[in-house]
Every structure is written in structure tokens, then in C-alpha cells.
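Working notes, beginning with the structure itself.
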Amino acid sequence: MDKVTTIDAAVSRITDGDSIMIAGFMSVGTPELLVDALIASGVKDLTIICNDAGTPGTGAGKIVDARIIRKYITNHIGLNPVCGKQMSDGELDVTLIPQGTMAERIRAGGAGIGGFLTPTGVGTVVQQGKQVMNIEGRDYLLELPLKADVALIKAHRADRSGNLIFRKSAQNFNPLMATACEYVIVEAEHIEDVGCLDPDAIMLPGIFVDAIIQG
Amino acid sequence: MDKVTTIDAAVSRITDGDSIMIAGFMSVGTPELLVDALIASGVKDLTIICNDAGTPGTGAGKIVDARIIRKYITNHIGLNPVCGKQMSDGELDVTLIPQGTMAERIRAGGAGIGGFLTPTGVGTVVQQGKQVMNIEGRDYLLELPLKADVALIKAHRADRSGNLIFRKSAQNFNPLMATACEYVIVEAEHIEDVGCLDPDAIMLPGIFVDAIIQG
Amino acid sequence: MDARELIARRIARELKDGQVVNLGIGLPTKVANYIPDDVEILLQSENGFIGIGPVPPEGQFDKDLINAGNQYVTVKPGACFFDSAVSFGIIRGGHVDTTVLGTLEVDQEGNVASYIIPGKLIAGMGGAMDLCTGSKRVIIATTHTDKHGRPKVLKKCRLPLTASREANLIVTDLAVMERTEEGLVLRETAPGVTVEEILAKTEAELIVPDDVQVMKT
Amino acid sequence: MDARELIARRIARELKDGQVVNLGIGLPTKVANYIPDDVEILLQSENGFIGIGPVPPEGQFDKDLINAGNQYVTVKPGACFFDSAVSFGIIRGGHVDTTVLGTLEVDQEGNVASYIIPGKLIAGMGGAMDLCTGSKRVIIATTHTDKHGRPKVLKKCRLPLTASREANLIVTDLAVMERTEEGLVLRETAPGVTVEEILAKTEAELIVPDDVQVMKT
């Protein structure tokens, strides 16, 4: 099951209107080559799900610059004034959700959890429109799973079947997003033969991966 | 923060009536020395939370043999006829819950999740007494977090601050249970100095561990 | 060919290249012996890994490596290990293509009862409830009748359920039956077995189409 | 000593040996500079690790190692990395002993408003909502007044909240205030600052006990 392919072939399955999860935290752990190829492919009206908006010219910030986003689901855009301006000017629909809730919603999407209760956001605007449940005297918000059509993933090491190892703080949302999307593309710094990775060191099973490109 | 101690000191904090999570799957990944020390300490009226009941004479099966259990929460006792007989004879209160729900409830206990929705068990006896919620046309059961007073954990490698690495299928419930208990004791096959473990290979952060004994 | 080998051989033919498969304890485990060499299956073990390999030679087991049936196994190149929450995230999240499960009873609605006979056999559901509920396809592997000759394919399960309406295909030593919107359909008969014999040994209402095939193994 | 150093020094004294601590972006990050050598603190970074070390020498950064404030950092021996779900499991699950957070507003009920000024400053809550809600203790690090001299310690926050009733201690350049069942209590005054000056620059109703101390740093 060799999943290594070209970057053009990998992104050619992405179409207008797709929802796309982009891994990384302030561009650390973000697959920059895949982001570039996504923009170059000319797709538009995307829903982007990403921890942040990077900075202008890096990571998800490049997609903001390209103005191909219909909806942005994120938790922090503070280091990208372009994104903030597009939001203030009403040009970009930005939904801000707490980072921990975002991570857990994506995990739930991948793990078949229909929803979960978190205390985060109780008594804030995050509570609006959500069911509040009291469990043993404490209020929780019912949060629903988050899934997407495509995940753009950055790995340190991959074997050709898609088993992945991440490195240091570049791990962040990468393994989570890969479980929650229909089509998962990995930009790997190192591609190795099946059997070269220590089975105890693998951080994401290859069954979640559809395509691998050389990073 | 050196957490290495003697087995007697480690188990001396366990008292009558405690709830205890015992990691392992059919005794693989079960800390046998800690189980022996628990029994030898003379505590009783325990609530035991464990994947299975081991076999007579191994793993959690030894605790069944010792008849110091008030309540047993597990998902499979099929390989321990002693446990089955105690249950049939009304001597042991056994609660059977699905394995995936058990793992997720323990994770929720450690991760501050107030509850979660799973499709597992809908339309079965597992549904009894639980809230059913329909999300986008599918029924789910609301399952609550599971926590305990003590976790007995088996690790392959530990550093003296409690960072742990597990090996092969001995990982199973170990990292989950360590997050969901007040007092966490680790039986480690290898104890190393802080800094000897690769930070990317560590499977459980040391902050969850209270005591380490040589396995 | 004995009944169990027949069932295992027939089910092996249902597994496609690249699929993630979970084989239950007992008869389902034998399916692995009959997968063609040119079909690559990734076997998931709910105790925490993907890539189950063959049973090791006598005495060469690894104390930290068992399958969910408590047998020492090996892993194939490309295997990976994870904790129980990740394992059941894979299962519940729909990332297992096929689960093969033995059972005590199965019925025409696809209900499965496999884990308990109250007052008699108390095993526990283990991972079976999650596997039936979460897998894309559930194949039941069972003898057509129990050791007393009583039907195991019923109108309605009488024992406590493992899962409600989750069985997709039932493979026995006599027949292959598929659950459809219309009901339980007889698809194949075992070599030398008549439709009449199957109907006589089945409590479930079986739909018998014109094109029932003879089981290939 | 400037205001920011004073605040950072005072908060450093709140951190106890062995604690797991999350330091927010900006002023809170400076607290790390003033932790005594004999106190071992485990600094958690919500982007996925425990064990933040010093900023690396110029040009010697690791491209895969930043803190949550997008600064290149190092890790100490004994550090470990994990994914974002594990990271916030640690935070939400109550395994962080102390969170230190800057803010726009804080009020006498312990409400915190730190992430947005509608129509003006739109940063996003990042991990702050989870950190305030999940940590055992929340210490707010802020100047006592804003750049226009207006109080930041209010009767009731006017901006959208980061968390409701979660602040436990407020440390400013003028005072240390503790939220109690009875209300917000003045515990310490900065060297050379009078209770009267603090009351004049505070909108919140402050309880002033007899034993107000002078801030040690």
C-alpha cells in the first residue's frame, strides 16, 4: 500500500467549497508546500479549520492573503493583522472557539464521539446557542464533533504506508486532524520504507493517511 | 523531583474502601508486584476497575482470589471462572461496561470532560438508566467520566520524575488510568535518570505519577 | 473441509486489499489463515495495535505482545501500537472496515447476541459492542445451529444484545445470508446443501431470490 | 524596579516546588526569570509540551520548538511532547496547578476579560478559556490601570469574558488582591504605595483587612 505521490496529484482531489483542516501552531507543524499547492490549484470558497491564522505570508496566513476562504474556524488570529482586518471589514467569516474545545471537537470527530461536555466557555459568549448540562453540580457545554473533507498534515518521518512520527512542538494538531478528515495528505520531511519505523514510536497509524508527498 | 520509592512505602497510602484502577489486558501491562503488595497490605472493600479479571492466579485475578473486592467494574471476565462463579453466587458485585466506553470514560476522567456521547450500547442493556441523546439523526448514550483513588501502572521505562514509555501491547490502559487517579504508582522495568528518555518518545508525562518502584 | 474451516475460508473472500479488519476470538481468528497472498489486510487488535502477524514459534513469544484473545502473536512490518482510547477511537470512529465476530444468536434484523447467557455463561462484552457499532461492516461467523441442533439465526434474539441492527452478513457452515432493507436474504448455499435444508434449520424468515449461488471457498 | 518586573517578581514567589505552571503570553512569560534556583517548576506550553527551558542563543533555534507565544525556546531535561488534545486534557483535567495570565479587565467576582475588544482588538481566546477554567489556581498579572490611567480591576467586566469566576489572585504594580467568598480582599500593597492610592485607582469594591502587608519581591 504505497501512498507516496506527487504534490499535484495529491491536491487535485480538493475542490471548491471543501472544508480543510490545516495542522500546525503558528506555522510550526504546518505543511507549507501543501498550502502553496492548495493556493496554486485555484480552489475557492473554502472552509478552513486551523489553530490560528499564522502571520501574513506564512502558514494559513497565505490562504488568508489569497482570499479563497468562505469561513474560518480558529482560536487565535492575533498575530495576523490581515486576517483581523478582513474580519472587521466583514469580508471574512471568522468563528473563534477555545483551543482546547477545538482540539477535543476534532478528536471527537475522528473517534466517533457524538458530542462531549466541557466546562470551558460556560458564562461566556462561547455558551451562546449551546446546550448547558449540569453534571454533579457543575455546568458544562455540549460541544459537537468537528470533521472536514481534507486534512493537510506535516510529519517529520513517514513510512510509505502512512505511519507517521512528529517532532517536538510540531506535533500539535497533526495527529488529531488526520483522524477527522475524509482525505488526508501528508507532507513528510523524511519518507522511509515500511518497517523502518519503530512500532512503539509511531504517533499516527497509517490507516488514516491517503497520500504522502516529499516535504 | 525524585519519585522512586520502596514498594511498601508506595502501597502504604492505599486504604480500605479505596477505588483502584489496575492497568493491563489479560495481565499484559499489569504491575504484578504492585498487585501482590496490595493484597499483602491487607486492605479490603475495594472497588476495582480493570479491563478484565485476568485468570485465577494472574493479574487482577489474584485480587479476585483474595476476596477483598466490594465492586468490580470491567468489560470481560470470560477467562476467569472464579470471578464468574463469585458473580453468579452473588458474592461479587460485577458491573460490565463496553471496553471502548470504559477506555473513553477513564480518558474523560483524566481530561476534565464532564461526559460524552457514544453510539456503543444503544438498544442493549448498557442503555438502562442512561440519557439517550439524538444528534443529527443518530442515537447516543451519555456516558460519565470514571475516576479512582489509586492507579497501579506498569511501564517499560521510567525516568525518576515519572515520565513513562510503554512497550507493544502492554500500553493498553496504562497511560489512561494514570491520568484519572489521585495517587498513581508505577512499577517500571527500567528506571533511568531524568533526561535519559527522548522527549518525543515519552507516552505519559511525569506530572501524572506519584511513586515509582523497581519492577 | 470441516464446518469451521468452510466458514473461515468463505469469510476470507470478503476481505479486500488494504482493508482494516478486526477478527474476533475463536472461529473469526481462523479467517487470517485463508487470506490470499496478493491481498494485504491490516489486522487490528483492540488491545492496542494494527498489524497482527502470525503466531510465533513455540517458546519464542514476547511477553508484551498478545492479541485480544490472549494469544501470543507477532506483528508485521508497518505495525504500530497505541493505547486503549486510541484503539477504540479507531473502532468507534468508523476506521475499521470489517469486523468478523462469532455469536450465540443473530436475527433477521441484524441484532447480535454474543456475550452473555444470564445465569449460565458470563463472559462480558469486551470490545464487541464497540466493534459491532463502529465498524463499517459486521460479518457474523457462526455454525448454523448450536450443538443441540437448534437454529442460531433467529427471528428475534432472545439473549441480551451485543448490538442492535449491526450485522451485515451472516456466514455459516450451510449458508451466506445478507441483511437488506427488505429483510434477510439467502445469497449462497454451502456445497451439497439444499435451500430446503437451510430453511428447515433457520428460524429467521429468509428471503430466497432466484439467483442463490453455491458458496465458493 | 519597573512595574512589569515588580509584578513578575511577586508572582514568582507564588509558585511552589514541583508545580505545573502555564505562563501566558507577554508579562506572565517574564515570571520564569524570577523563580528561585531551589524551586523546580514544570512549565507547560499549551501547544504541546511540558518543560519549557530558556530562550536559545541567537540563531540557534529549532524550527520545531516554539512556545505558545510563537517564540523559539528550548526544553529542560525531562521534558515531553504531546498533541493538542492531550495538552488540553492536562489543562482541562485540572493537572495544571497555576496559570498566570495577563488581561484587559478583571473584576471583584473573579471574572476575566482578556481576549477581545469588539470592533477594535480581535485576537481570539486561544487557550486562555481552557486555562482559566481548568487550572487549579489562576493568577492575573496586570498593571493596576490602563495606559489612560483607568482602573482595570472592576466591579464587573464590561468586555466579553474569557472565564467566569475563575481568577483567584490579582497581582498588579500597586497591590496583591485575593478573591474570597466574602469578596475581593486587599492582601498587599506595593512598596511606597498607600491603601488610599490603591482604593482611588480601583473600581472594584476592595475589602481592606487590618493586616495588609507590604509586597515582598
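Just so you know, these numbers use all the heavy atoms, side chains as well, and skip hydrogens, waters and symmetry mates. We name chains A, B, ... by the order of the sequence lines, and we start the count at 1 in each one.
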Can you name the nearest heavy-atom pair linking D/A85 to A/E104, along with the distance? CB-OE1, 4.5 Å

Would you call A/R107 and D/D83 a side-chain contact if the rule is heavy atoms closer than 4.5 Å? no

If you measure from OH on D/Y115 to CG on A/N75, what distance do you get to the nearest 0.5 Å? 11.5 Å

D/I66 side chain near A/M26 side chain, heavy-atom distance below 4.5 Å: yes

Nearest 0.5 Å, what's the CG-OG distance between A/N174 and D/S84? 8.5 Å

For D/A113, is it the side chain, the backbone, both, or neither that has a heavy atom closer than 4.5 Å to a heavy atom of chain A? neither

Please check if the number of heavy atoms outside A/K44 that lie under 6.0 Å from its NZ is greater than 12. no

Are A/Q99 and D/F88 side-chain neighbours, meaning at least one heavy-atom pair lies under 4.5 Å? yes

Side chain to side chain contact (heavy atoms under 4.5 Å, CB included) between D/V75 and A/K168: does it pass, once the steps are laid out? CA-CA 10 Å; D/V75 289; A/K168 300 192 177 181; 5.8 Å; no

Hey, is A/R167 close enough to D/D62 for a salt bridge, meaning N to O under 4.0 Å? yes

Tell me, for A/R138 versus chain D, whether the close heavy atoms (under 4.5 Å) come from the side chain, the backbone, both or neither. side chain

Chain D shares the most heavy-atom pairs under 4.5 Å, among A/V125, A/T101, A/I97, with A/I97

Check whether more than 12 heavy atoms from other residues, nucleotides or ligands sit under 6.0 Å from atom CD of A/E91, and answer yes or no. yes

A/K62 atom NZ: more than 12 heavy-atom contacts under 6.0 Å: yes

OG-CG distance between A/S169 and D/L65, expressed to the nearest 0.5 angstrom: 5.0 Å

Looking only at side chains, do A/T120 and D/D130 share a donor and an acceptor under 3.5 Å apart? yes

Under 4.5 Å heavy-atom distance to chain D, tell me which part of A/L79 shows up: side chain, backbone, both or neither. side chain

Check each atom of A/E189 against the heavy atoms of chain D and say whether the ones under 4.5 Å are side chain, backbone, both or neither. side chain

Side-chain heavy-atom pair A/L96, D/I122 within 4.5 angstrom cut-off: yes

Is atom CD of A/Q214 surrounded by more than 12 heavy atoms (other residues, nucleotides or ligands) closer than 6.0 Å? yes

Report the distance from atom OH of A/Y140 to atom OG1 of D/T133, rounding to the nearest 0.5 Å. 11.0 Å

Out of D/G48, D/G124, D/G126, D/S87, return the one with the most heavy atom pairs under 4.5 angstrom to chain A. D/G126

Give, for atom CD of A/Q171 and atom CZ of D/F81, the distance between the pair rounded to the nearest 0.5 Å. 9.5 Å

So, do D/T162 and A/T124 sit near enough that their side-chain heavy atoms are less than 4.5 Å apart? no

A/P98 versus D/M129, closest heavy-atom pair with distance: CG-SD, 3.6 Å

Tell me if the NZ atom of A/K130 is crowded by more than 12 foreign heavy atoms within 6.0 Å. yes

Of the backbone (N, CA, C, O) and the side chain (C-beta and beyond), which part of A/L176 lies under 4.5 Å from a heavy atom of chain D, both, or neither? side chain

